[in-house]
Amino acid sequence: MIHTLVIGAGPFGLALAAYLKHQGIDHLVIGKPMEFWEKNMPEGMYLRSGCNWHLDVSGVYTMEAFLEQRGLSVKEVEPIALAFYLEYIHWFLAQTQPNIHPAYVVNLQQTSQGFVAELDDHSSVEAHNVIVAVGFQYFAFTPNELLEVLPPEKFSHTCQTVHLEAFAQKRVLIIGGRQSAFEWAALLPEKGAAYVHVSYRHDTPQFAEANWGWVMDIVNNIAQYPTWFRELSDEDKEKYRYRLWAEGRLKVEPWLDDRVHLPNVSLHPHTQVIRTEITPDDSVKVTLSNGEVLEVDHIITATGYKVETSKIPFLSSELLSTLNCANGFPCLDAHFQSNIPGLYFTSFMAGQDFGPFFGFTIGVRTSAQLIAQQLL
């Protein structure tokens, strides 16, 4: 029986585990460190985060400390490449050495003393407390209206489409018009794609640097006043959601501008796919709402993620039947604890009660602090 089990070894789980160790709390992380980032994000990708989005609550093993050790400046590494971020995380783990078991939870059940997690290596772990920190892994989202018209064998979500060299000499349609859509649109030609189309329903976003400074102030404030977001009026909550949405969705980062304005990349604003048809040569004829007809070899949906707690496969039916949820999100208290004592949820799944800021790694330190305060 351990004190705290953390399920998930992404930034939220690892930051929490390192802080639990710092606080002397017995813990175990189940997961393979940064596996989703390594397997579900493409080589060459850049992140929207800054060097101040580090993992260490104590402020010692920061990204700036990592840069100093390597003789680099912030200016030299921003925008942050995925590869560099992964190097920082592995350095952070080498310094903090949280207790990690590289396996998967296949079933989590409540017991009289806490919880028992059955693992895919046929072992099990008993814990008084469990923190679910699974990030985006189970929540890839493609809207139903697209599922109804896209041929299943000819499309995939961005998180399933990361080995982009496989599309060399291929024609690709990306559906979506935000950061990930344009990131994939830039990377595909660089990996040899013959032609890339991007279809989206809105104006083309600005190619402008996002301003996240105000978000950092809010997240730091939540560390001191954890109920701040939930106590806002519905109107004010919507204002903050819109402000974050506008910063992150009405802009795409400027490093993509020249990389997508190419002869073999076509942007199709104010369009949506209304019909598809497999042709005799096994390509896909796509009809857009403006009457344009495209012929492509594959379609990528860059349509984001949507929390639906019931999609987490290891939560037992008994836990799910007891867990209070609203709009797909678990209902959480001021320390990320659900209505089931000892069961916590963080990262993207905390967005309803703590605000959409926790869908970004900017929230890892605040999350770790608030959960640890309850566990001490």
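The shown structure was predicted, so the numbers you read here are calculated from the model rather than taken from an experiment. Computed from heavy atoms alone, side chains included, the values below leave out hydrogens, waters and symmetry copies.
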key: Short side-chain donor-acceptor distance under 3.5 Å, S73 and E76   = yes
query = CD of Q272 to OG of S289: how many Å apart, nearest 0.5 Å?
reply = 5.0 Å
ask   = Which is it for E308 and K311 under the salt bridge (charged side-chain N to carboxylate O under 4.0 Å, His left out) test, yes or no, and what are the steps along the way?
value = CA-CA 6 Å; E308 180 47 70; K311 289 187 175 180; over 6 Å; no
Face-on cation placement of R178 at Y200 ring, 6.0 Å and 45° thresholds = no
message = Just checking H163: does its NE2 atom have more than 12 heavy atoms from other residues, nucleotides or ligands closer to it than 6.0 angstrom?
response = no
request  = Dump the intermediate steps for salt bridge (charged side-chain N to carboxylate O under 4.0 Å, His left out) on R70 and E87, then the final yes or no.
outcome  = CA-CA 11 Å; R70 298 187 61 183; E87 287 178 19; 2.4 Å; yes
inquiry  = For K251, is the NZ atom crowded, meaning more than 12 foreign heavy atoms sit under 6.0 Å from it?
reply    = yes
query = With a 6.0 Å cut-off on ring centres, are H90 and Y85 close enough?
reply = no
request  = Count the heavy atoms of every other residue, nucleotide or ligand shown that sit under 6.0 Å from CD of Q374, and state whether that count exceeds 12.
outcome  = yes
query = Who passes side chain to side chain contact (heavy atoms under 4.5 Å, CB included) against A65, sequence neighbours left out?
reply = T62, W91
task = Examine distances only and state if a side-chain atom of E78 and a backbone atom of C51 form a donor-acceptor pair shorter than 3.5 Å.
result = yes
request  = Using the ring-ring contact (aromatic ring centres under 6.0 Å, His included) rule, take F167 and W184 through it: C-alpha gap first, then chi angles, then the decisive distance, then the call.
outcome  = CA-CA 12 Å; F167 298 97; W184 266 247; over 10 Å; no
ask   = Quick one: ring pair (Phe, Tyr, Trp, His ring centres under 6.0 Å) pairs with a partner in residues 248-291, sequence neighbours left out?
value = Y46-W255, H197-H268, F207-H261
ask   = Got more than 12 heavy atoms from elsewhere within 6.0 Å of NZ, K21?
value = yes
ask   = Does a donor on one side chain sit under 3.5 Å from an acceptor on the other, for T301 and T142?
value = yes
inquiry  = Going by the rule side chain to side chain contact (heavy atoms under 4.5 Å, CB included), which residues pair with E277 if we only count those two or more places apart in sequence or in a different chain?
reply    = K285
message = Under a 3.5 Å threshold, yes or no: a donor from one side chain and an acceptor from the other, between S266 and Y195?
response = yes
message = Can you tell me how far apart NE2 (H335) and OG (S367) are? Round to the nearest 0.5 Å.
response = 12.0 Å
ask   = Ion pair present between E43 and K191, side-chain N to carboxylate O less than 4.0 angstrom?
value = yes
message = By the definition ring-ring contact (aromatic ring centres under 6.0 Å, His included), identify the one residue from F136, F354, F12, W212 that meets it with F360.
response = W212
Salt bridge (charged side-chain N to carboxylate O under 4.0 Å, His left out) between K154 and D282, worked out = CA-CA 9 Å; K154 290 291 187 177; D282 201 37; 3.1 Å; yes
Test item: Y88 side-chain N/O and L55 main-chain N/O as donor-acceptor pair under 3.5 Å = yes
query = Hey, does the side chain of S283 reach the backbone of T279 with a donor-acceptor pair shorter than 3.5 angstrom?
reply = no
